[in-house]
Amino acid sequence: MGRPVLSHFLTLSHSYPRFTPSLRGHFPVKYTKTTGFVSPSRRPIRFRCFCSVSVSEPLVPQSPPTTVKKRIVSGVQPTGSIHLGNYLGAIKNWISLQNSYDTLFFIVDLHAITLPYDAQQLSKATRDTAAIYLACGVDTSKASVFVQSHVRAHVELMWLLSSATPIGWLNRMIQFKEKSRKAGDENVAVALLTYPVLMASDILLYQSDFVPVGEDQKQHLELTRELAERVNFLYGGRKWKKLGGRGGTIFKVPEPLIPPAGARVMSLTDGLSKMSKSAPSDQSRINLLDSKDVIANKIKRCKTDSFIGLEFDNPERPESNNLLSIYQLISGKTKEEVAQECENMNWGTFKILLTDALIDHLQPIQVRYEEIMSDSAYLDRVLAEGAKKAADIADATLNNVYQAMGFLRR
């Protein structure tokens with residue numbers, strides 16, 4: 001899935017962000033001293049989250065007033081081509097986040113094998129994805145870039161977490177239900193059911209404070225939070241201290257970072273469907289490495305409507321809203337500026353405007369990508385250094401979990 005896995009990203013203002021409840025509708029876990037884990041209550045779970053109201057506001061959250069930076073983790077699967085939706089909904093936002101937070105951005109190759117995949121292409125796709133991260137502006141002096149499978153603690157912690165994960169929590173995952181229904185039972189691997197536990201491992205391993213999430217990942221973050229609280233209850237506190245540990249909580253319970261409204265890029269062939277790598281038609285998406293001619297042809301053929309002029313936020317005109325939002329995000333203009341500029345345009349004129357803006361924005365990324373791919377030693381060094389930094393954090397967490405769960409110390 002080039003689907004953003006953790007991603008997949010906050011209030012955006014130059015003042016301190018306002019926390020508001022979000023991700024409602026899932027229920028928190030309740031514990032008692034006599035019975036341990038019991039059924040969820042009927043009160044909605046309350047998250048603290050950053051929320052936005054406009055795509056025109058820059059994604060530059062203020063750092064907390066402390067000498068220790070809060071930590072953010074996120075990643076994208078190395079399957080298919082990284083497209084405009086991945087970039088605008090996730091990677092582009094990382095560039096701002098890395099300036100204010102302790103950031104780890106990884107290529108989630110272990111998640112890429114939950115569905116049938118091309119083993120011959122996985123390694124190449126992993127390197128391509130890493131190169132795109134760097135070409136888009138991820139700065140290795142500020143962020144760690146690494147490959148998920150290069151830090152073995154991800155899989156080890158997943159197994160430990162699996163022992164504490166009720167099967168009912170996984171059976172209710174909407175994505176599993178949808179994908180298994182499409183593929184059929186004979187074609188669905190156990191990994192598709194359990195990958196939310198691996199996602200929880202990805203997050204909890206680094207004691208993450210915040211996780212950028214899109215609409216399709218909210219439920220998985222809820223599971224991650226519940227699992228952190230469950231493990232903290234079952235093995236943390238005095239129980240851990242009696243085993244020689246420091247006591248207290250084992251995992252931080254991460255908060256969600258919600259993307260700005262409008263950062264969810266829709267398909268070029270259907271303004272109501274998300275731009276996706278899994279869509280059968282390449283015409284439905286702009287890939288970051290598409291040539292000028294390919295971009296021009298895709299925009300020329302993209303779906304529009306028969307209304308006069310262009311406008312945002314008309315539910316009867318999803319394509320107009322999507323294409324204007326893409327132009328706004330790519331051009332860096334405000335919503336008001338774009339609305340005024342394009343309100344009387346016909347589709348032919350606007351498509352030329354959008355094509356030029358896309359080509360101008362993506363060309364520097366493409367040039368930088370080619371430079372990085374031509375220097376394999378540099379890319380290997382970046383990934384090795386990133387994996388070492390990540391492993392130092394991950395191993396500390398993993399050792400604590402082993403100790404708290406009663407394993408013989410190595």
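Values in this document were obtained by computation on a predicted structure and should not be read as measured data. Just the heavy atoms: all of them, side chains too, but no hydrogens, waters or symmetry mates, feed the values below. The first residue of the sequence shown is numbered 1, and numbering continues consecutively from there.
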Report task. Take Leu324 and Phe350 through the test side chain to side chain contact (heavy atoms under 4.5 Å, CB included) and record every step on the way to the result. Result -> CA-CA 9 Å; Leu324 285 173; Phe350 175 73; 3.8 Å; yes

Report task. Show your working on side chain to side chain contact (heavy atoms under 4.5 Å, CB included) between Lys252 and Arg71 and close with a plain yes or no. Result -> CA-CA 11 Å; Lys252 282 187 179 180; Arg71 182 172 294 148; over 6 Å; no

Report task. Start with the C-alpha gap between Phe251 and Thr397, add the side-chain angles, then the distance that decides, and say whether side chain to side chain contact (heavy atoms under 4.5 Å, CB included) holds. Result -> CA-CA 8 Å; Phe251 296 123; Thr397 297; 3.7 Å; yes

Report task. Start with the C-alpha distance between Ile82 and Tyr133, add both sets of side-chain angles, then the distance that settles side chain to side chain contact (heavy atoms under 4.5 Å, CB included), and finish with yes or no. Result -> CA-CA 10 Å; Ile82 301 294; Tyr133 283 10; 5.6 Å; no

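Checking Trp159, Phe106, Tyr195 one by one against His154, the ring-ring contact (aromatic ring centres under 6.0 Å, His included) holds for a single residue, Phe106.
Heavy atoms from other residues, nucleotides or ligands lying under 6.0 Å from CZ of Arg152 number 12 at most. Within a 6.0 Å radius of CD in Gln340, no more than 12 heavy atoms belonging to other residues, nucleotides or ligands are found.
Residues Ala390 and Tyr206 come closest through the heavy atom pair O-CE2, 3.2 Å. The two atoms that bring Leu379 and Ile372 nearest to each other are CD1-CG2, 4.2 Å, heavy atoms only. Taking each heavy atom of Asn321 and Asp313 in turn, the nearest pair found is OD1-N, 2.9 Å. The heavy-atom pair separating Pro78 from Ala125 by the smallest distance is O-CB, 3.0 Å.
For the pair Lys388 and Phe146, the cation-pi criterion (under 6.0 Å, within 45° of the ring axis) is not fulfilled.
Salt-bridge annotation for Arg225 and Glu222: absent, with no side-chain N of the basic residue lying under 4.0 Å from a carboxylate O of the acidic one. In this structure, Lys69 does not pair ionically with Asp209, as no charged nitrogen and carboxylate oxygen lie closer than 4.0 Å.
Using modelled atom types and a 3.5 Å distance limit, the side chains of Asp293 and Ser291 yield no donor-acceptor pair.
Remark: the backbone N or O of Thr79 is paired with a side-chain donor or acceptor of Lys277 at under 3.5 angstrom. Side chain of Arg230 to backbone of Ala164: a donor-acceptor contact under 3.5 angstrom is found. Lys335 contributes no side-chain N or O that, together with a main-chain N or O of Gln328, makes up a donor-acceptor pair within less than 3.5 Å. With Asp356 contributing its side chain and Leu353 its backbone, the two residues share no donor-acceptor pair below 3.5 Å. The backbone N or O of Asp270 lies less than 3.5 Å from no partner atom in the side chain of Lys303, so there is not a single donor-acceptor pair.
Remark: Asn232 engages no residue in a side chain to side chain donor-acceptor pair (under 3.5 Å) (not counting sequence neighbours).
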